[in-house]
Amino acid sequence: MTVIMAKITDNKVIANGVADFHPDHIFDNGQCFRWVREADGSYTGTAFRKVVNINYIDGQIILENTSPEDFEKIWRPYLDLDRDYGVIKNLLKEDDPVMEQAITYGSGMRILKQDCWETLISFIISQNNNIPRIKKCIESLCRSHGELIGEYRGKIYYSFPSPETLAELPLSAIDPCRLGYRAGYILETAKKVAEDGGIRLALMEKEEPREAFEYLLGFSGVGPKVANCIMLFSMGMYGSFPLDVWIKRVMNRLYHIKKDDINAMNAYAEQYFKGFGGIAQQYLFYYVRQLDQII
DNA sequence: TTCCAGGTAGCCG
DNA sequence: CGGCTACATGGA
């Protein structure tokens, strides 16, 4: 699959040759928290200190408020455009009617390659929390301690605060963000990351998953589930299999694994999801959340 | 009022 | 090790 940047008009980039791409399936599936759906079905959001609007029409990705340089440097990897999800979907669907349903529902899903520091803090916030409130907490954190990075369609956008910025703050400074008991975890984690300017964290994506996992568990507020989310959503480790309440429910009720048997669930993912446990997990997550009470 | 949400830390046997 | 519970917050 080759993605070609086809056309450029002032601040717009259009990318051709992308299949398996649907903004709703990508930006509203719980892997990211800072993208907002516009009335036209496009999403506006920020990553790596840039503001962009993304839509998909007639087989083309339309990126507004960006440049060809940023498309190549930021958005191509961020949107995982060089991966053929068609191949992965076919692998996962084989002999798995549940997965087939999930993939049919979220056919345009992609795993974003997000900033690891932002993902680390975002998923610490996610623990024992619900998605709308996670989004509010993160936006509040960015508004109060991030930097102004741009204005787009009349709205102001802020960067995700740096480790150094958060490391200097007293607990009282993030009180208004309503992070609850996670506030302490976040400042502690920021201090640890800021010690070396985030270099060690950034290098983890080149390490073996096992090593990245152990390193992430060393942060306050990071357990197995959050570590797997960070590895999956920011380090390109697609075998990572985050087990949250929803996926546990799926594994129990649709894959008939004993409730709370984490080991059996991981073993199943390892054996049947062909190295793409994380991607499988994300199709399942997006699928079951709309079912609501069917399972 | 109680229950729940993309769980984890601390403690106890 | 495995099992248990408190932990802030706000919406249902």
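Quick note on labels: first sequence line is chain A, next is B, and so on, each numbered from 1. Small disclaimer: the values here were computed from a predicted structure and weren't measured. Side-chain atoms are counted along with the backbone in the values below, which use heavy atoms only and exclude waters and symmetry mates.
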>> Evaluate Arg76(A) against Asp82(A) for salt bridge (Lys or Arg N to Asp or Glu O under 4.0 Å), listing each step before the verdict.
In response: CA-CA 7 Å; Arg76(A) 180 189 287 272; Asp82(A) 293 319; 2.9 Å; yes
Applying ring-ring contact (aromatic ring centres under 6.0 Å, His included) to Phe123(A) and not counting sequence neighbours gives Phe33(A), Phe233(A)
Under 3.5 Å: donor-acceptor pair, side chain of Thr165(A), backbone of Pro161(A):
no
Would you indicate what Glu188(A) reaches in the nucleic acid, counting non-hydrogen atoms under 4.0 angstrom: base, sugar-phosphate, or nothing? nothing
Take the protein atom [atom1] of [X] and the nucleotide atom [atom2] of [N], then report the distance between them rounded to whole Å.
X: Ile125(A); N: dT8(B); atom1: CD1; atom2: P; value: 14 Å
X: Leu243(A); N: dA5(B); atom1: CG; atom2: C1'; value: 16 Å
X: Phe33(A); N: dA5(B); atom1: CZ; atom2: P; value: 15 Å

Contact string for nucleotides 5-12 of chain C, one letter per nucleotide 5' to 3', B = base within protein heavy-atom range under 4.0 Å, S = sugar-phosphate only, - = neither, reads --BBBBS-
Exactly one of Tyr287(A), Tyr43(A), Tyr286(A), Tyr85(A) clears ring-ring contact (aromatic ring centres under 6.0 Å, His included) with His25(A), and that residue is Tyr286(A)
Please report the distance separating the [atom1] of [N] from the corresponding atom of [M], rounded so that it comes out in whole Å.
N: dG13(B); M: dA6(C); atom1: P; value: 16 Å
N: dA8(C); M: dC11(B); atom1: P; value: 15 Å
N: dC3(B); M: dT5(C); atom1: P; value: 14 Å

Where does the angle between the aromatic ring planes of [X] and [Y] fall among parallel (under 30°), tilted (30 to 60°) and perpendicular (over 60°)?
X: Phe219(A); Y: Tyr215(A); value: perpendicular
X: Tyr238(A); Y: Phe276(A); value: tilted
X: Phe241(A); Y: Phe273(A); value: tilted

What one should report as the nearest heavy-atom pair of Asp20(A) and Lys89(A) is OD1-NZ, 2.7 Å
Within residues 217-232 of chain A, those residues having any heavy atom closer than 4.0 Å to DNA chain C are none
N/O donor to acceptor pairs below 3.5 angstrom from side-chain atoms of residues 178-191 of chain A, sequence neighbours left out:
from	atom 1	to	atom 2	distance (Å)
Tyr181(A)	OH	Gln127(A)	NE2	3.0
Arg182(A)	NE	Ile125(A)	O	3.3
Arg182(A)	NE	Gln127(A)	O	2.9
Arg182(A)	NH1	Leu179(A)	O	2.9
Arg182(A)	NH2	Gln127(A)	O	3.1
Arg182(A)	NH2	Asn128(A)	O	3.0
Thr189(A)	OG1	Tyr185(A)	O	2.9
Thr189(A)	OG1	Ser220(A)	O	3.0

Within a radius of less than 6.0 Å around CD of Glu270(A), do more than 12 heavy atoms belonging to other residues, nucleotides or ligands occur? no
Item to complete: Determine whether more than 12 heavy atoms belonging to other residues, nucleotides or ligands lie under 6.0 Å from atom NZ of Lys50(A).
Response: no
Stems in DNA chain C, runs of 3 or more consecutive Watson-Crick or G-U wobble pairs with both distances under 3.5 Å, sorted by first number, are B:2-5 with C:9-12, B:7-12 with C:2-7
- Item | Step-by-step salt bridge (Lys or Arg N to Asp or Glu O under 4.0 Å) determination, Lys73(A) to Glu69(A) | CA-CA 6 Å; Lys73(A) 200 175 64 190; Glu69(A) 293 73 27; over 6 Å; no
Nucleotide N/O of nucleotides 11-13 of chain B paired with protein N/O under 3.5 Å:
none

- Taking it one step at a time, do Thr66(A) and Trp75(A) satisfy side chain to side chain donor-acceptor pair (under 3.5 Å)? CA-CA 9 Å; Thr66(A) 191; Trp75(A) 306 117; 3.3 Å; yes
